[in-house]
Amino acid sequence: MRRLRRAELPEDPAELARFLVGKTLVHDSPAGRMSGRIVETEAYLVGDPACHAYRGETKRNHALFLERGHVYVYFIYGAHYMLNVSADRAGAGAGVLLRAMEPLEGLALMRGSGKPTEIACGPGRLAAAMQITPQFDGGDFCGPGPLWLGTAERPVGEIGKSVRIGITKAAHLELRFYERGNPCVSGPARLRN
DNA sequence: TGCACGATAATCT
DNA sequence: GATTATCGTGCAA
């Protein structure tokens with residue numbers, strides 16, 4: 001496995017979301033390497049009312065406006081962090097939410113509970129498992145940092161598409177992508193197969 | 001398996 | 001003061 005270069009990332013947010021399914025997410029923490037195979041993502045587009053960047057740039061969503069491949073981390077519901085990859089061109093304001101991951105390396109280092117298939121099943125759990133903190137916000141997945149995206153460790157299966165989960169605006173758009181049948185995918189059963 | 005519900009805090013209006 | 005890209009628990013079937 002090697003690091004993905006920015007030039008390899010599709011510029012279009014929906015294409016990037018689809019591209020990232022099957023790729024590897026790596027956190028080289030002081031305690032050791034944690035990595036996982038991305039199995040579920042969602043795209044948030046320019047002009048999309050559900051996108052945090054929809055109402056313009058603020059201090060919180062600044063990272064969404066960086067060139068594609070940067071890290072956007074935010075805190076929600078008083079309890080959970082979400083990990084996103086910025087998308088589109090610099091200044092656009094779009095991103096891809098990483099929703100679920102199949103653990104590969106460093107399972108013992110990951111925070112959370114439950115079976116290995118459940119520890120990173122859902123965006124809040126994924127961020128908790130990978131020990132994502134606000135300090136990563138604004139960082140670069142394509143730079144030399146400890147948090148990065150790698151090539152696929154094994155071929156990706158069939159990719160399914162569905163509506164996004166947990167949103168109220170533009171809820172009908174099919175911008176969620178996942179590996180069909182993978183037990184680590186979150187959401188109701190009808191949105192996993 | 002599939003719902004309903006509350007916790008909890010940063011951000012923005 | 002409203003809103004929120006979630007999670008875990010609890011209960012019914």
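Keep in mind the model is a prediction, meaning the values are calculated, not measured. Chain letters run A, B, ... following the sequence lines, proteins first, then strands; residues in each count from 1.
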Asks: Which comes earlier along DNA chain C counting from the 5' end, the contact point of A:Thr168 or that of A:Leu126, where each point is its nearest nucleotide?
Replies: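 With A:Thr168 and A:Leu126 compared, the 5'-side residue is A:Thr168.
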Asks: Separation of A:Leu97 atom CG from C:dA5 atom C1', in whole Å?
Replies: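 My rounded result for the distance is 5 Å.
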Asks: Do we see A:Tyr44 stacking on the base of C:dA5, given a limit of 5.5 Å between centres and 30° between planes?
Replies: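 Check passed, A:Tyr44 stacks on base of C:dA5.
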Asks: Looking at the rings of A:His27 and A:Phe136, which for Trp means the six-membered one, are their centres under 6.0 Å apart?
Replies: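 Centroid separation for A:His27 and A:Phe136: below 6.0 Å.
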Asks: Just the rounded figure in Å: distance from C1' of B:dT1 to CG of A:Asn193.
Replies: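 It works out to 14 Å between those atoms.
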Asks: Nearest-Å distance, CG (A:Leu191) to C1' (B:dG2)?
Replies: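 Spelled out: CG on A:Leu191 to C1' on B:dG2 is 13 Å.
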Asks: Do the side chain of A:Tyr74 and the base of C:dA5 come within less than 3.5 angstrom through a donor-acceptor pair of N or O atoms?
Replies: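 Check passes, donor-acceptor contact within cut-off.
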Asks: Of all the nucleotides listed (C:dA5, B:dT11, C:dT6), which has the minimum atom distance to the side chain of A:Arg60?
Replies: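 Given the options C:dA5, B:dT11, C:dT6, the side chain of A:Arg60 is closest to B:dT11.
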Asks: Kindly say whether the aromatic ring centers of A:His80 and A:Phe75 come within a distance under 6.0 Å.
Replies: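 Here the rings of A:Phe75 and A:His80 have centres that are no less than 6.0 Å from each other.
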Asks: Determine: side-chain N/O of A:Arg99 to OP1/OP2 of C:dT6, distance under 4.0 Å, yes or no.
Replies: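 Checking C:dT6 against A:Arg99, a side-chain N or O does come within under 4.0 Å of OP1 or OP2.
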Asks: Across the strands shown, which category fits A:Arg164 at heavy-atom distances under 4.0 angstrom: base, sugar-phosphate, nothing?
Replies: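 Touches nothing.
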Asks: Identify whether the distance between the nearest side-chain nitrogen and carboxylate oxygen of A:Glu67 and A:Arg89 falls below 4.0 Å.
Replies: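 Judged by the 4.0 Å cut-off on N to carboxylate O distance, A:Glu67 and A:Arg89 do not form a salt bridge.
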Asks: Can you check the A:Leu45 CG to C:dA5 P distance for me, whole Å?
Replies: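 Distance, rounded to whole Å: 15 Å.
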Asks: When you check the phosphate oxygens OP1 and OP2 of C:dT4, does a side-chain N or O of A:Lys169 lie under 4.0 Å from one of them?
Replies: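 Result: yes.
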Asks: Among C:dC7, C:dA5, B:dA9, find the nucleotide with the atom closest to the side chain of A:Arg125.
Replies: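 That would be C:dC7.
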Asks: Is there a Watson-Crick or G-U wobble partner for C:dA5 with both distances under 3.5 Å, and which nucleotide is it?
Replies: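 Looking at the geometry, C:dA5 pairs with no nucleotide.
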Asks: Within the structure shown, what part of the strands sits under 4.0 Å from A:Ile167 by heavy-atom distance: base, sugar-phosphate, or nothing?
Replies: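 Contact class for A:Ile167: sugar-phosphate only.
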Asks: With the threshold set at 4.0 Å, does a side-chain nitrogen-carboxylate oxygen contact exist between A:Arg37 and A:Glu153?
Replies: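 Looking at A:Glu153 together with A:Arg37, the answer is no, because their closest N to O distance does not fall below 4.0 Å.
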Asks: Output the rounded distance in Å from CD (A:Glu118) to C1' (B:dT1).
Replies: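 Spelled out: CD on A:Glu118 to C1' on B:dT1 is 14 Å.
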Asks: Base, sugar-phosphate, or nothing for A:Ala79, non-hydrogen atoms under 4.0 angstrom?
Replies: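 The answer is nothing, as A:Ala79 stays clear of every strand by at least 4.0 Å.
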Asks: Closer than 4.0 angstrom, basic N to acidic O: yes or no for A:Glu8 and A:Arg2?
Replies: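 Here A:Glu8 pairs with A:Arg2 in a salt bridge, since their nearest N and O are under 4.0 Å apart.
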Asks: Got a salt bridge between A:Arg68 and A:Asp12, using NZ or NE/NH1/NH2 to carboxylate O under 4.0 Å?
Replies: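 Salt bridge: no.
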Asks: Which base sits across from B:dT8 as a Watson-Crick or G-U pair, both distances under 3.5 Å?
Replies: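 Its partner is none (no Watson-Crick or G-U wobble pair with both distances under 3.5 Å).
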Asks: Over how many whole Å does the gap from A:Leu64 atom CG to B:dT11 atom P extend?
Replies: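 For the pair A:Leu64 CG and B:dT11 P, the rounded distance is 14 Å.
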Asks: Let's see if you can work this out: which of C:dT4, C:dC7, C:dA5 has an atom nearest to the side-chain heavy atoms of A:His80?
Replies: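 Between C:dT4, C:dC7, C:dA5, the one nearest the side chain of A:His80 would be C:dC7.
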Asks: Nearest whole Å is fine: how far is B:dA10 C1' from A:Asn61 CG?
Replies: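 Computing the A:Asn61:CG to B:dA10:C1' distance gives 13 Å.
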Asks: Taking atom P of C:dA5 as reference, at what distance in whole Å does atom CG of A:Asp48 sit?
Replies: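 Those two atoms, CG and P, are 11 Å apart.
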